[in-house]
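Beneath this line is the structure, given in structure tokens, with notes to follow.
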Amino acid sequence: MSGVNNTKFNSAVFLLTGIPGQEEVHLWISVPFCLMYVISIAGNSVILFIIKTYPSLHEPMYIFLSMLAVTDLGLSIATMLTTLGIFLFNVREISLNACFAQVFFIDLLQCTESSMLLLMAFDRFVAICDPLRYASILTPQRITRMGLVFMLKGVALIFPLPFLLKRFQYCRTNVLSHSYCLHQEVMKMACSDITVNSIYGLSVALLTVGLDSLLIFLSYVMILKTVLSIASPMECLRALNTCVSHLCAVLLFYTPIIGLSVIHRLGKGPSPLLQILLGYIYLLVPPLMNPIVYSVKSKHLRATIIRVFTK
């Protein structure tokens with residue numbers, strides 16, 4: 001083990017971590033993790049199938065929801081192998097190239113999910129603030145172009161990260177604190193100057209999650225301003241009710257990602273368990289809860305799902 005920890009070659013491996021001190025019950029802990037992955041993959045797959053199959057759901061809100069479901073599926077798959085490998089089979093080693101690839105996909109999918117939440121906020125903004133032009137503004141062609149632009153933006157910003165990590169030699173302790181690879185943590189294992197990586201990683205975070213969250217906040221400021229100008233309290237509540245699902249998705253995504261980013265950049269925090277817990281919430285809870293929240297809150301989608309399964 002010491003040979004692995006002290007190596008200075010790029011053929012070294014990293015050691016992933018499950019829940020420290022609970023190694024003897026990792027097999028039991030794997031049960032809720034397996035359930036979470038099964039529900040996440042099944043839930044998002046059902047959402048995609050329902051939206052694709054039924055033309056009545058080919059509306060902007062549901063098209064954006066299908067894009068979010070694809071992103072959530074990718075996030076679940078990107079972390080499933082390493083997480084379940086630790087808890088089920090105690091497979092902790094991951095090669096550098098596999099770790100760098102996981103960093104790329106996790107960061108790309110997180111960036112894409114943030115962009116999808118921004119597009120969904122724009123959808124709610126247009127629907128409430130300019131309902132007469134809703135159909136003419138959010139045409140299928142325009143929605144496709146917006147999704148493609150945000151995807152290409154994410155690829156352009158995230159693509160350099162694995163190569164910035166690959167140029168380092170790793171000679172420090174190689175034990176990661178999560179069951180997957182994160183850029184903020186992997187770069188700290190290098191025995192070289194990581195200033196460029198740190199600045200670039202922070203810049204990417206500000207241009208994606210930071211900028212998207214700011215624009216989402218401004219969208220809801222405008223939505224709230226429009227809603228409060230409605231004379232009827234019933235109409236006001238009805239308009240706000242259409243935003244509840246999206247607000248839940250925003251809180252589920254941004255709360256743990258901001259908390260984990262602060263912990264990684266300012267220190268490990270008061271408890272290592274908090275860092276580990278936020279790490280799992282960060283990637284497992286949004287893909288798990290998004291299809292549930294939207295299925296419960298969207299009457300049209302819920303009715304369609306019930307009709308399909310009752311058949």
Notebook entry, point to check: Side chains of I19 and H26: does their closest heavy-atom pair fall under 4.5 Å?
Noted result: yes
Notebook entry, point to check: Between the main-chain N or O of L68 and the side-chain N or O of E113, is there a donor-acceptor pair closer than 3.5 Å?
Noted result: no
Item checked: Under the side chain to side chain donor-acceptor pair (under 3.5 Å) test, residues paired with Y134 that sit two or more places apart -> D123
Note to self: In the structure I gave you, are the side-chain heavy atoms of C181 and I94 within less than 4.5 Å of one another anywhere?
What the structure shows: yes
Next item on the list: Measure across I223 and A121 and return the closest heavy-atom pair with its distance rounded to 0.1 Å.
Entry: CD1-O, 4.4 Å
Note to self: Once rounded to the nearest 0.5 Å, what's the spacing between atom SG of C243 and atom CZ of R124?
What the structure shows: 6.0 Å
Next item on the list: State, with a plain yes or no, whether a side-chain heavy atom of N241 is found less than 4.5 Å away from one of K297.
Entry: yes
Note to self: I'd like to check N197 versus R167 (side-chain heavy atoms, cut-off strictly below 4.5 Å). Are they in contact?
What the structure shows: yes
Checklist line | For the student: nearest non-hydrogen atoms of V103 and H183, plus distance | finding: CG1-CB, 3.8 Å
Note to self: Using only atom types and a distance under 3.5 Å, with no angle test, would you say the side chain of S198 pairs donor to acceptor with the backbone of I194?
What the structure shows: no
Note to self: Can a donor-acceptor pair be found, under 3.5 Å and without considering hydrogens, that links the side chain of T310 to the backbone of R307?
What the structure shows: yes
Note to self: Using side-chain heavy atoms (C-beta onward) and a distance below 4.5 Å, is V244 in contact with L240?
What the structure shows: no
Next item on the list: Locate the shortest heavy-atom distance separating T255 from L251; write the atom from each residue and the value.
Entry: OG1-O, 2.9 Å
Notebook entry, point to check: With a 4.5 Å limit on heavy-atom distance, are the side chains of F168 and V186 in contact?
Noted result: no
Notebook entry, point to check: Shortest non-hydrogen contact from L15 to E93?
Noted result: CD2-CG, 3.4 Å
Notebook entry, point to check: S114 side chain to C111 main-chain N or O, any donor-acceptor pair under 3.5 Å?
Noted result: no
Margin query: With side-chain contact (heavy atoms from CB on, under 4.5 Å) as the criterion, how do V175 and R92 come out once you've worked through the C-alpha distance, each side chain's angles and the decisive distance to 0.1 Å?
Written below: CA-CA 9 Å; V175 180; R92 297 184 60 195; 3.7 Å; yes
Notebook entry, point to check: Just wondering, more than 12 heavy atoms not from F105 lying within 6.0 Å of its CZ?
Noted result: no
Note to self: Membership question, hydrophobic clusters at under 4.5 Å side-chain separation (ILVMFWY): are I39 and I281 in the same one?
What the structure shows: yes
Item checked: N174 side chain vs V13 backbone, donor-acceptor pair below 3.5 Å -> yes
Donor-acceptor contacts under 3.5 Å from residues 42-52 side chains, at least two apart:
residue : atom : partner : partner atom : Å
N44     : ND2  : S40     : O            : 2.7
N44     : ND2  : P287    : O            : 3.0
S45     : OG   : I41     : O            : 2.6

Margin query: Can a donor-acceptor pair be found, under 3.5 Å and without considering hydrogens, that links the side chain of S179 to the backbone of T82?
Written below: no
Checklist line | Chi angles and distances behind the side-chain contact (heavy atoms from CB on, under 4.5 Å) call for Q110, V209 | finding: CA-CA 8 Å; Q110 287 288 339; V209 175; 5.9 Å; no
Notebook entry, point to check: At what distance, to the nearest 0.5 angstrom, does CG of L176 lie from CG of L182?
Noted result: 8.5 Å
Notebook entry, point to check: How many angstroms lie between atom CG of L247 and atom OG1 of T242, to the nearest 0.5 angstrom?
Noted result: 9.5 Å
Notebook entry, point to check: For Y220 and H246, does a side-chain donor sit closer than 3.5 Å to a side-chain acceptor?
Noted result: yes
Checklist line | Hydrophobic cluster membership, V70 vs M151, 4.5 Å side-chain cutoff | finding: no
Next item on the list: Following the transitive rule for hydrophobic clusters with a side-chain heavy-atom cut-off under 4.5 Å over Ile, Leu, Val, Met, Phe, Trp and Tyr, establish whether I257 and L108 coincide in one cluster.
Entry: no
Next item on the list: Scan residues 238-255 for pairs that pass salt bridge (Lys or Arg N to Asp or Glu O under 4.0 Å), counting only residues two or more places apart or in two chains.
Entry: E235-R238
Note to self: Whether the side chain of Y200 engages the backbone of L157 through a donor-acceptor N/O pair (distance < 3.5 Å, no angle test) should be reported.
What the structure shows: yes
Item checked: Test side-chain contact (heavy atoms from CB on, under 4.5 Å) applied to F125 and L215, step by step -> CA-CA 11 Å; F125 168 77; L215 292 176; over 6 Å; no
Checklist line | Inter-residue atom distance F150.CZ - M146.CE, 0.5 Å rounding | finding: 8.0 Å
Check: Of all heavy-atom pairs between T226 and I128, which one has the smallest distance, and what is that distance?
Finding: CG2-O, 3.8 Å
Next item on the list: Please go through L237's hydrophobic cluster and name the other residues, only I, L, V, M, F, W, Y counting, with side-chain heavy atoms under 4.5 Å joining them.
Entry: none
Checklist line | ILVMFWY cluster, V25 and V31 together (side-chain gap under 4.5 Å) | finding: no
Next item on the list: Tell me yes or no: between the side chains of D193 and T195, is some donor less than 3.5 Å from an acceptor?
Entry: yes
Check: Which value, rounded to the nearest 0.5 Å, describes the distance between L211 atom CG and I216 atom CD1?
Finding: 10.0 Å
Notebook entry, point to check: Relative to the ring of Y180, is the ring of Y280 parallel (under 30°), tilted (30 to 60°) or perpendicular (over 60°)?
Noted result: perpendicular
Item checked: Qualifying residues under ring pair (Phe, Tyr, Trp, His ring centres under 6.0 Å), relative to F163, sequence neighbours excluded -> F159
Next item on the list: Apply ring pair (Phe, Tyr, Trp, His ring centres under 6.0 Å) to F104 and list each qualifying residue two or more places apart in sequence or on a separate chain.
Entry: none
Note to self: Taking the side chain as everything from C-beta on, heavy atoms only, tell me whether F33 gets closer than 4.5 Å to L88.
What the structure shows: no
Notebook entry, point to check: Is any side-chain heavy atom of L96 closer than 4.5 Å to a side-chain heavy atom of K166?
Noted result: no
Note to self: With clusters defined by side-chain heavy atoms of hydrophobic residues (ILVMFWY) lying less than 4.5 Å apart, directly or transitively, does V250 cluster with L119?
What the structure shows: yes
Next item on the list: Show your reasoning for whether side-chain contact (heavy atoms from CB on, under 4.5 Å) applies to S245 and N290.
Entry: CA-CA 8 Å; S245 300; N290 285 340; over 6 Å; no
Next item on the list: Might you point out which heavy atoms bring F253 and P286 nearest each other, and give the distance in Å?
Entry: CA-CG, 4.2 Å
Notebook entry, point to check: Out of curiosity, T208 OG1 to I158 CD1, how far, rounded to the nearest 0.5 Å?
Noted result: 6.0 Å
